[in-house]
Amino acid sequence: MRFSGAFDSHRRWRGDRPRGPRLLIRRTAPAGALLWTFPSGKLDPGESVAETAAREAREEAGVLVAPLIVLSSRVHPATGWRVVYVACRLLDGVAHAASPREVAWVRPAELGGFVPGGVYLPVQTWLEARAS
């Protein structure tokens, strides 16, 4: 099963650098040990990972994002799913939860408290490099 994560949907930018917290979604049911995740979901037939990232951010949190770059991919150790991590820039919208979920804007330094085992190193490195 393939998934795509639109994880860096930030609210504020200065130049080309994101400022402020990152968007997380609380799942209605945990995926493995994960309850809080970046917006993500299955690729539709013929859809690119960038298109999936944008669609999932819109469907799960009501925000319009522009995919920037594919950072990395892996088989997630907690779920066994193949995950492609896509950095996205928030273009429009106020994040809200679809269905009985929650959304949270979380500062990069606080992500580990929401994600058991911490954020995948290539993703964390990218976030930290842009938080300064």
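If you read the sequence from its start, that first residue is 1, and numbering goes on from there.
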Inset, instruction - In sequence, state the C-alpha distance, the side-chain angles, and the governing distance for Phe38 and Leu24, and then conclude on side-chain contact (heavy atoms from CB on, under 4.5 Å). - result: CA-CA 5 Å; Phe38 298 115; Leu24 293 180; 3.5 Å; yes
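Counting all heavy atoms, side chain and backbone alike, Val103 lies closest to Ala61 at CG1-CB, 4.2 Å. The two residues Pro67 and Val86 come nearest to each other via the heavy atoms CB-CG1, 3.9 Å. Between Leu34 and Pro116, the shortest heavy-atom contact is CD2-CD, 3.7 Å. Of all non-hydrogen atoms in Val94 and Val63, the two that sit nearest each other are C-CG1, 4.1 Å. In plain terms, the two heavy atoms of Leu43 and Glu47 that are nearest each other are CD2-O, 3.4 Å. Closest approach of Leu90 to Val65, counting heavy atoms only: CA-CG1, 4.2 Å.
Counting heavy atoms from C-beta outward, Tyr85 and Pro122 have side chains that stay 4.5 Å or more apart. Counting only heavy atoms from C-beta outward, the side chains of Asp44 and Thr52 never approach each other to under 4.5 Å. Residues Leu23 and Trp105 meet the side-chain proximity criterion, which asks for heavy atoms closer than 4.5 Å. Using a 4.5 Å cut-off on side-chain heavy atoms (C-beta onward), Arg58 and Glu56 make no contact. At a threshold of 4.5 Å between non-hydrogen side-chain atoms, the residues Phe114 and Arg26 do not count as touching.
In summary, Arg55 and Glu51 do not engage in a salt bridge, as defined by a charged side-chain N under 4.0 Å from a carboxylate O. A salt bridge links Glu60 with Arg27: the closest approach of a Lys/Arg side-chain nitrogen to an acidic carboxylate oxygen falls below 4.0 angstrom.
To the nearest 0.5 angstrom, Ile69 atom CD1 is 7.5 Å from Trp126 atom CH2.
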